[in-house]
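Every chain is numbered from 1 and lettered A, B, ... according to where its sequence line falls, protein lines coming before strand lines.
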Number of protein chains: 2
Amino acid sequence: MSRKTFQRLSLDERRRSMLEATLECIAQHGLDGATARRIAERANVTAGLIRHYFGSKEDMVLAAYGYLVGQLTMQAAQASGQDATHPERRLARFIIANVTPPNLSDRNVSLWATFIGRIRALPSYADIHRESYRDFLDLLETMIHAVMAARQRPVSAEACQDQAVALNGLIDGLWLEGSLDHGLYAADRLPRIALTAAAGILSLPADALSIHLEPHADTPPDRN
Amino acid sequence: MSRKTFQRLSLDERRRSMLEATLECIAQHGLDGATARRIAERANVTAGLIRHYFGSKEDMVLAAYGYLVGQLTMQAAQASGQDATHPERRLARFIIANVTPPNLSDRNVSLWATFIGRIRALPSYADIHRESYRDFLDLLETMIHAVMAARQRPVSAEACQDQAVALNGLIDGLWLEGSLDHGLYAADRLPRIALTAAAGILSLPADALSIHLEPHADTPPDRN
DNA sequence: ACTGTTGTTATACGACAGTATAACAACCAT
DNA sequence: ATGGTTGTTATACTGTCGTATAACAACAGT
């Protein structure tokens, strides 16, 4: 009877691995089924480490929420690309990224919904949500503004914010319902649906955004 | 030391009161905090009744989910009115109902999100969600079709369904983010935002739907 | 009134949750 | 090499969870 052999990890590595185990357990078994022991087992540690790194299980779950939204927004922002010279392509890519895998996944939506459901009971969750929502909204508003500027269509700041709110709602809703694969329509229709609807919301020509559906490569197809 | 005095209720009344207690507890304390004892206390019964009426706590919670979505869709459908002679007004009212109280409430969103978060772990939840989603989608599709017919604008069934999916996403997203009152914008801006965006998605004139924002009374203001 | 049925209460029980504590071993500094 | 630090394991403990069971009481049929 010997003790389990183990490896000392750096603070960041250990934390990250435990947070990922937390998310995995919640996604797979629900919040109820995500017990301290099960999470620890998945992270290949013992339950005592939770206290050592996060103080309590509740604090670890909260940290896992922050970790999740951080990953989600980073993923979407990266997918949109940094190419600022084609505002409409940038916006289109951003929208597409939000309604296609890996961002579109039942795992992500399950986790997200689970945490949203705790906001009302535990105010700490509200703070994280508010921040991530504001980030997303700001990102959208900037992109919309760029699109309008390129088309030399002046819009008031207020109208631009309204459009950002609406666009955010559209993206959120499509991401959500699209991820819970209910078999009511094929998920590959989502990008086209999203882009056409977004163009409508922004009063652009119907195909102004869906034009950019084709290119899958990182390199833009135009010469310059 | 005498026993608690009690009153025999009909099957439906008792069930409903226990389901409502379940929802209230989940909304207030989260799924973790909604223990069988706490729910029973709120319903003014003892925990043993859960077994008697639902077999198990898990089955009761599932029934509560069904009860919730039933209430939500009924509420929205009623608010849209039965007046089929003004398709655009009907659609507008339906949209407004979804982004204003009592449908817009953090309680409802908290509950909804909590249940959505369980879909992946417990397939029974997926069935309920799928059914309610389909109902909502069908409702929207019918309304959109009526609007287009009244404008004598022929649209293919496929295009109509795409618009319904997009509109549903918009409504879902705005309802969701609007309910979690994050203080980033005033909730009373939502109806106008939603109607304008919806008009855009359907390629209608920008104010085609928001025209119907004003009338609060049940009686339409036009003579006929 | 009385009696039978069953909705409802009261209580007990096993299981397992989260966590506090102490022993231990991996790694670093020397 | 070796000692010290502390990340990590192992275990025990307390509370409370869901639920099974038995006693009880409200109401209906007579």
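For Arg3(B) and dA25(D), the CZ to P distance is 6 Å, given to the nearest whole Å. A straight line from CG of Leu49(B) to C1' of dA26(D) spans 13 Å, rounded to a whole angstrom. Arg37(A) places its CZ atom 11 Å from the C1' atom of dA15(C), with the value rounded to the nearest Å. Rounded to whole angstrom, the span from the CZ atom of Phe6(B) across to the C1' atom of dT6(C) amounts to 10 Å. Between Tyr53(B) atom OH and dG7(C) atom P the separation is 6 Å, expressed in whole Å. Counting to the nearest Å, the P atom of dG18(D) and the CZ atom of Phe54(B) are 15 Å from each other. dT19(D) atom C1' lies 13 Å from atom CG of Asp59(B), rounded to whole Å. Atoms NZ (Lys4(A)) and C1' (dA23(C)) sit 16 Å apart, rounded to a whole Å.
Comparing Val45(A) and Ser56(B) by the nucleotide of DNA chain D that holds the closest heavy atom to each, the one mapping nearer the 5' end is Val45(A). Remark on DNA chain C: of its neighbouring residues Arg8(B) and Ala47(B), the 5'-side contact belongs to Arg8(B), judged by nearest-heavy-atom nucleotide.
The side chain of Thr35(B) lies closest to dG18(D), out of dG18(D), dG18(C), dT8(D). Nearest nucleotide to the side chain of Ala36(B), out of dA10(C), dG18(D), dT8(D): dG18(D).
Between Trp175(B) and Trp112(B), the ring planes are perpendicular. Angles over 60° get that label, and only those under 30° would be called parallel.
In terms of phosphate contacts, Arg38(A) brings no side-chain nitrogen or oxygen within less than 4.0 Å of OP1 or OP2 of dA17(C). For the OP1/OP2 pair of dT8(D) and a distance below 4.0 Å, the side-chain nitrogens and oxygens of His52(A) include no atom meeting the criterion.
Contact of the Leu139(A) side chain with the Phe94(A) side chain is registered, since non-hydrogen atoms from C-beta on lie closer than 4.5 Å. With a 4.5 Å cut-off on side-chain heavy atoms, Thr114(B) and Ile26(B) count as touching. At least one side-chain heavy atom of Leu11(B) sits less than 4.5 Å from a side-chain heavy atom of Tyr53(B).
Counting non-hydrogen atoms under 4.0 angstrom, Thr46(B) reaches a base of the nucleic acid. Note on Ile50(B): nothing from the nucleic acid sits closer than 4.0 angstrom, heavy atoms only. Nucleic acid contact for Gln7(A): sugar-phosphate only, since backbone atoms but no base atoms lie under 4.0 Å from a heavy atom of the residue. In this structure, Leu9(A) reaches the sugar-phosphate backbone alone: every heavy-atom distance under 4.0 Å involves primed, P, OP1 or OP2 atoms, never a base.
Within the 3.5 Å criterion, the main-chain N or O of Pro101(B) finds no donor-acceptor partner in the side chain of Ser105(B).
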